[in-house]
Number of protein chains: 4
Amino acid sequence: MFVHVDPAHDLAIYDQIVRQIKFAVAHGAVGVGELVPSVRELARELAINPNTVARAYLQLQNENVLETVRGLGLAVAAGADKRCRQERGKLIQARLHQVLSEARHSGLELAEIRKLIEAELSEI
Amino acid sequence: MFVHVDPAHDLAIYDQIVRQIKFAVAHGAVGVGELVPSVRELARELAINPNTVARAYLQLQNENVLETVRGLGLAVAAGADKRCRQERGKLIQARLHQVLSEARHSGLELAEIRKLIEAELSEI
Amino acid sequence: MFVHVDPAHDLAIYDQIVRQIKFAVAHGAVGVGELVPSVRELARELAINPNTVARAYLQLQNENVLETVRGLGLAVAAGADKRCRQERGKLIQARLHQVLSEARHSGLELAEIRKLIEAELSEI
Amino acid sequence: MFVHVDPAHDLAIYDQIVRQIKFAVAHGAVGVGELVPSVRELARELAINPNTVARAYLQLQNENVLETVRGLGLAVAAGADKRCRQERGKLIQARLHQVLSEARHSGLELAEIRKLIEAELSEI
DNA sequence: GTGGTCTAGACCACC
DNA sequence: GTGGTCTAGACCACG
């Protein structure tokens, strides 16, 4: 399964599931039209409360990532792959913006910031 | 005053105060040994409950940023300025690391990441 | 239950709770990973305000003795047992040091101090 | 002067004064019948609030360590030296009792406690 | 059910 | 005046 969860993480469990499903959809790990695991199955697998999985799936439906296929379950919605990729890009950009602007406001010089960035990039 | 608070922000009010006091200490807006505004005064100024301010101040004491001067109030602890600056640096580095590694894991090419960074840096 | 509180004691109630939880952890009365009584339950049991219990638990989290398990409660953190035992040892040593050095400074002869100690030890 | 005060100490300032006066009396640093510094003089010397000194002196009068000498000030009361020495002895004994009993209750073996004590005694 | 946060108001010791 | 502690009761997100 492409989802794993860490109850000790500060992010809510249902949110971890949401993100990972979106991530999987963005990467094509699950294709458009494919069924995701049922609420009960995923809950059993992750050893968490089914309500938590249901909540994650509900949010994914509200964001048009998943859609119900009557009698079968939930499937990845048409266009969800593209939307997930876009969202991911925007998210990263927004976070990058926030970090860099905070770094600047906290008094670091541009040169110092560049140094930090290069150090991090070379690590990856 | 060097503290302002946004109750609509997702960060807890007491945490906003904690961060801003640390920020002020790191910048020298309040020097070592100086008194910070009293609990009641800051509460009145921010139009929040004194307990909330007290909680923020309590945490700052636990982190050795403030110390009580009995009967007078709370003062910036010795060495707090240096420690706050260091902490700030580490925090920024950690966040930068997280964002960049997430960017990399989400499939962006190094060249694309650099483009985003340059765009953000030039904005600042 | 392994916690009891004396409101007449000069030590703050929340601090009594903190110490007794640490004591229980050090002794293994509650094992690593086990849940401690919920805030509301302990408050009811001790007939005190839930906020007071919450404050004690907050401090125990800051000292890495407890950690939240979302939706379930607070559990003893990994390694907390060892840390609590160490802390207890250091505390006793520090207090012993203080008493003995005060005794010496107040003019008592070594022989007299030893007499006092033997008297106390035989009592225990 | 035989009194010095640390506002950062956790003990209340007035209590620090009380203890040090008693200590001085017990040692004979100030003899029976001798005058102690006036409230104003001591306050100026220690750079603290005169009310604080007054409170300490008040308590010392209540405990019959000092007595007023009309027109002159406060003097060490007759027999105060003996009483201070006795009190000091009892205090040390009580504290020793507390530390040793806590050490025992926290699970340390008698042999271990003795080791700690010897280590401390040899240091002094 | 759980903890986390916030408000409101009280009493205390200390300076 | 100051901070420290405690009570009472509310609302929230999470599982």
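So that the names make sense, note that chain A is the first sequence line, chain B the second, and so on, each numbered from 1. Remember, it's a predicted structure, so these values are computed and weren't measured experimentally.
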So which one's nearest nucleotide on DNA chain E is more toward 5', Ile13(D) or Tyr14(B)?
->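 The 5'-side residue here is Tyr14(B).
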
Contacts of Arg40(C) and Gly71(C) projected onto DNA chain F by closest heavy atom; the upstream (5') one is Arg40(C)

Nearest nucleotide by nearest heavy atom, which residue falls closer to the 5' end of DNA chain F, Gly73(B) or Leu72(C)?
->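 Looking at DNA chain F, the more 5' nearest nucleotide goes with Gly73(B).
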
Hey, can you pull the donor-acceptor pairs under 3.5 Å for the side chains in residues 37-56 of chain C, sequence neighbours left out?
unit_1	atom_1	unit_2	atom_2	d
Ser38(C)	OG	Glu41(C)	N	3.0
Asn49(C)	OD1	Asn51(C)	N	2.8

Counting N and O atoms only, with roles assigned by atom type, does the side chain of Arg88(B) sit under 3.5 Å from a partner on the main chain of Ser106(A), one being a donor and the other an acceptor?
->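 Looks like yes, one N/O pair under 3.5 Å.
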
Is it true that a side-chain atom of Gln16(A) and a backbone atom of Asp6(A) form a donor plus acceptor pair closer than 3.5 Å?
->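 Confirmed, Gln16(A) side chain pairs with Asp6(A) backbone.
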
Looking at side-chain heavy atoms only, is the closest gap between [X] and [Y] below 4.5 Å?
| X | Y | value |
| --- | --- | --- |
| Val76(A) | Leu66(A) | yes |
| Tyr57(C) | Ile21(C) | yes |
| Pro7(A) | Val69(C) | no |

Check ring-ring contact (aromatic ring centres under 6.0 Å, His included) between Phe23(B) and all other residues, then give those that pass, not counting sequence neighbours.
->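 For Phe23(B), the residues satisfying ring-ring contact (aromatic ring centres under 6.0 Å, His included) (neighbours in sequence not counted) are His27(B).
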
When you measure from every atom of DNA chain F, which of residues 2-11 of chain C have a heavy atom less than 4.0 Å away?
-> none

Sub-4.0 Å heavy-atom contacts from residues 45-65 of chain C onto DNA chain F, ordered by number =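 Hits under 4.0 Å, by residue number: Ile48(C), Asn49(C), Asn51(C), Thr52(C), Arg55(C).
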
Going 5' to 3' on DNA chain E, which nucleotide is the first and which the last to come under 4.0 Å of a heavy atom in chain D?
->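 Nucleotide range with atoms under 4.0 Å of chain D: dC14(E) to dC15(E).
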
With sequence neighbours excluded, residues passing side-chain hydrogen bond (donor to acceptor under 3.5 Å, both in side chains) with His105(C) =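 Partners of His105(C) under the side-chain hydrogen bond (donor to acceptor under 3.5 Å, both in side chains) test: none.
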
Set of side chain to side chain contact (heavy atoms under 4.5 Å, CB included) partners for Gln20(A), sequence neighbours left out =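 Partners of Gln20(A) under the side chain to side chain contact (heavy atoms under 4.5 Å, CB included) test: Val3(A), His4(A).
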
Got a sec, which pairs hit salt bridge (Lys or Arg N to Asp or Glu O under 4.0 Å) with one end in residues 89-98 of chain B, sequence neighbours left out?
-> Glu102(A)-Arg95(B)

May I have all residue pairs that pass salt bridge (Lys or Arg N to Asp or Glu O under 4.0 Å) and include part of residues 12-25 of chain D, sequence neighbours excluded?
->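 Every pair satisfying salt bridge (Lys or Arg N to Asp or Glu O under 4.0 Å) with a residue in residues 12-25 of chain D: Lys22(D)-Glu63(D), Lys22(D)-Glu87(D).
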
Nearest-Å distance for atom pair CG/P, residues Asp15(A) and dA13(F) = 13 Å

Does Glu67(A) have any salt bridge (Lys or Arg N to Asp or Glu O under 4.0 Å) partners at least two apart in sequence or in another chain, and if so, which?
-> none

Partners meeting salt bridge (Lys or Arg N to Asp or Glu O under 4.0 Å) with Arg85(A) (sequence neighbours left out) |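 Partners of Arg85(A) by the salt bridge (Lys or Arg N to Asp or Glu O under 4.0 Å) criterion, ordered by chain and then number, come out as Asp81(A).
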
Runs of at least three Watson-Crick or G-U pairs with DNA chain F, cut-off 3.5 Å =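 Stems (3+ consecutive pairs) listed as E:1-14 with F:1-14.
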
